[in-house]
Amino acid sequence: MGTPIHIVAAAPDDYEWCARMMASTEPWITLGRNLAECHQALVRSGSEVFVARDKERPGGFILLASYGLAGSPYIASIAVAPEVRGQGFGSRLLRFAEEHFAGREHLFLLVSSFNRRAKIYIAGTGTSSSAN
């Protein structure tokens, strides 16, 4: 098995990396969100950012809102670096979100209809999904 993936709260130095990852992935590319807007989303009040690392290298992040859609927790963004896709980072980040909000009735993740890779991934996990 590969190197263990550890998920930790984003440190101040992580926010630039996360904003660049966010701005370079769907749906944010198609929606036209620039780097500054991505950074603003990461520091929005009520949001939490967690970074997945193997050893010390960041491989992905997840942006969570404790009270998002209908007052339930919401995954506002999730991204995995291209060089580590297929190595379990995305799955581990989704499991982390479920564990982080254990005891809450719902956890929402919206997937855009044009974001084919995300739709395929969610369908493969057996997770209930609805494209927006």
Side-chain angles (χ1 to χ4, degrees):
M1 193 163 168
T3 305
I5 297 168
H6 301 284
I7 299 177
V8 297
D13 292 347
D14 292 323
Y15 281 84
E16 180 67 23
W17 183 86
C18 293
R20 288 188 184 285
M21 279 292 302
M22 190 175 182
S24 67
T25 59
E26 291 295 353
W28 313 116
I29 293 169
T30 298
L31 295 174
R33 184 172 281 179
N34 64 34
L35 184 61
E37 292 167 325
C38 289
H39 192 273
Q40 287 175 341
L42 293 169
V43 298
R44 185 175 297 135
S45 179
S47 295
E48 299 176 278
V49 181
F50 296 92
V51 178
R53 302 179 187 284
D54 64 351
K55 298 182 184 176
E56 291 303 313
R57 172 185 68 162
F61 81 90
I62 193 164
L63 173 61
L64 302 174
S66 295
Y67 294 94
L69 193 61
S72 295
Y74 172 60
I75 298 172
S77 188
I78 182 171
V80 175
E83 64 272 14
V84 297
R85 288 183 184 152
Q87 297 179 28
F89 279 83
S91 297
R92 183 67 188 96
L93 284 163
L94 288 173
R95 274 195 316 277
F96 174 83
E98 291 172 337
E99 294 163 3
H100 188 67
F101 293 116
R104 301 281 298 271
E105 191 170 346
H106 301 285
L107 173 61
F108 289 94
L109 167 65
L110 301 178
V111 178
S112 298
S113 59
F114 57 82
N115 194 347
R116 284 185 30 121
R117 289 187 64 160
K119 286 173 52 176
I120 290 168
Y121 179 82
I122 295 299
T125 66
T127 302
S128 174
S129 64
S130 175
N132 66 353

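Of all the heavy atoms in C38 and A19, the pair that sits closest is CB-O, 3.7 Å. Closest approach of A10 to V51, counting heavy atoms only: CB-CG2, 3.9 Å.
Between H106 and F101 the shortest side-chain heavy-atom distance does not fall below 4.5 Å. At least one side-chain heavy atom of L93 sits less than 4.5 Å from a side-chain heavy atom of I7.
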Could you walk me through whether S47 and R44 satisfy the side-chain contact (heavy atoms from CB on, under 4.5 Å) test, starting with their C-alpha distance in whole Å, then the side-chain angles of each, then the deciding distance to 0.1 Å, before giving a yes or no? CA-CA 6 Å; S47 295; R44 185 175 297 135; 4.0 Å; yes
Please evaluate residues L63 and I75 with respect to the criterion side-chain contact (heavy atoms from CB on, under 4.5 Å), reporting the C-alpha separation (whole Å), side-chain torsions for both, the decisive distance (0.1 Å), and the verdict. CA-CA 6 Å; L63 173 61; I75 298 172; over 6 Å; no
Working note: E16 + L35, criterion side-chain contact (heavy atoms from CB on, under 4.5 Å); need CA distance, chi angles, decisive distance, verdict. CA-CA 9 Å; E16 180 67 23; L35 184 61; 3.8 Å; yes
Salt bridge (Lys or Arg N to Asp or Glu O under 4.0 Å) assessment of D54 paired with R92: CA-CA 11 Å; D54 64 351; R92 183 67 188 96; over 6 Å; no
Check against side-chain contact (heavy atoms from CB on, under 4.5 Å), V49 and L64: CA-CA 6 Å; V49 181; L64 302 174; over 6 Å; no
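Remark: I62 CD1 to R95 CZ distance equals 11.5 Å, nearest 0.5 Å. One distance of note links CG of L42 with CH2 of W17; it measures 11.0 Å at 0.5 Å rounding. Here the straight-line distance linking atom CZ of F61 with atom CZ of R53 works out to 13.0 Å at 0.5 Å rounding. Here the OG atom belonging to S91 is positioned 8.5 Å from the CD1 atom belonging to I5, to the nearest 0.5 angstrom.
When atom types are taken as modelled, the side chain of T30 and the backbone of P27 share no donor-acceptor pair closer than 3.5 angstrom. Formation of a donor-acceptor pair under 3.5 Å by the T25 side chain with backbone atoms of M22 is found in this model.
Residues in residues 29-60 take part in these ring-ring contact (aromatic ring centres under 6.0 Å, His included) pairs, two or more places apart or across chains: F50-F96, F50-H100. The side chain to side chain donor-acceptor pair (under 3.5 Å) analysis of residues 59-81, with sequence neighbours excluded, yields the pairs W28-S77.
Under the 4.5 Å side-chain heavy-atom criterion for ILVMFWY residues, no single connected hydrophobic cluster contains both V8 and M21. Under a hydrophobic clustering in which Ile, Leu, Val, Met, Phe, Trp and Tyr are joined whenever their side-chain heavy atoms come within less than 4.5 Å, directly or via other members, I29 and V80 fall into different clusters.
The number of heavy-atom neighbours closer than 6.0 Å to CD of E83, taken from other residues, nucleotides and ligands shown, is above 12. The neighbour count for R104 CZ, taken as heavy atoms of other residues, nucleotides or ligands under 6.0 Å away, is above 12.
With sequence neighbours excluded, no residue satisfies ring pair (Phe, Tyr, Trp, His ring centres under 6.0 Å) with Y15.
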